[in-house]
Amino acid sequence: MKLPRVECPVCGRNVAALPLPGQAARGRVWRHDAPEVRRDADGALVSCKGALEVVDVTAVAAQLAFDVETLERDDAAPTLFVI
């Protein structure tokens, strides 16, 4: 799945945004590190302060289309497993 890209409101980095359920035009900024600080003094990774913030997403994900005629037929049982 390809996620829409947004600009982080804190560092300005172009990162992915995970769409929020029930809010097609809103998304949560994917966790990322700040451009100038990658690790703290102990060597642990440091996330940007803008990571996980909720932002507006301009690219709205589309739902997959189903063939309704095939789904409504009585003899058309869904295939769950292919051997």
Side-chain angles (χ1 to χ4, degrees):
M1 178 169 122
K2 188 172 182 178
L3 296 174
R5 308 291 285 188
V6 296
E7 187 175 299
C8 174
V10 175
C11 70
R13 187 172 171 186
N14 189 20
V15 294
L18 184 66
L20 292 174
Q23 299 181 31
R26 305 281 289 163
R28 189 170 303 279
V29 176
W30 202 257
R31 189 176 294 274
H32 62 284
D33 52 355
E36 70 280 355
V37 180
R38 304 237 182 236
R39 296 181 180 268
D40 66 3
D42 296 329
L45 293 173
V46 178
S47 291
C48 174
K49 294 184 187 300
L52 303 179
E53 282 195 24
V54 176
V55 295
D56 290 330
V57 178
T58 55
V60 179
Q63 183 175 351
L64 293 175
F66 293 100
D67 183 6
V68 177
E69 291 178 8
T70 304
L71 294 176
E72 290 178 350
R73 290 191 344 224
D74 292 338
D75 62 338
T79 303
L80 300 178
F81 301 99
V82 177
I83 297 176

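Atom set for the values below is all heavy atoms of this structure, side chains included, hydrogens, waters and symmetry mates excluded. Positions are given from 1 along the sequence.
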Exercise for the section: Please name all residues satisfying salt bridge (charged side-chain N to carboxylate O under 4.0 Å, His left out) with Arg31, sequence neighbours left out, ordered by chain then number. Expected result: none
Residue pair [X] / [Y]: nearest heavy atoms and the distance that separates them:
{"X": "Gly27", "Y": "Val57", "answer": "N-CG2, 3.4 Å"}
{"X": "Cys8", "Y": "Gly50", "answer": "SG-CA, 3.8 Å"}
{"X": "Lys49", "Y": "Val10", "answer": "C-CG2, 4.0 Å"}
{"X": "Arg5", "Y": "Ala16", "answer": "NH1-N, 3.6 Å"}

Problem - Sidechain N-carboxylate O distance under 4.0 Å for Asp33, Arg13 - result: yes
Exercise for the section: With sequence neighbours excluded, tell me which residues meet side chain to side chain donor-acceptor pair (under 3.5 Å) with Asp56. Expected result: Arg26
Handout entry: Contacts of type side chain to side chain contact (heavy atoms under 4.5 Å, CB included), residue Glu7, not counting sequence neighbours
Key = none
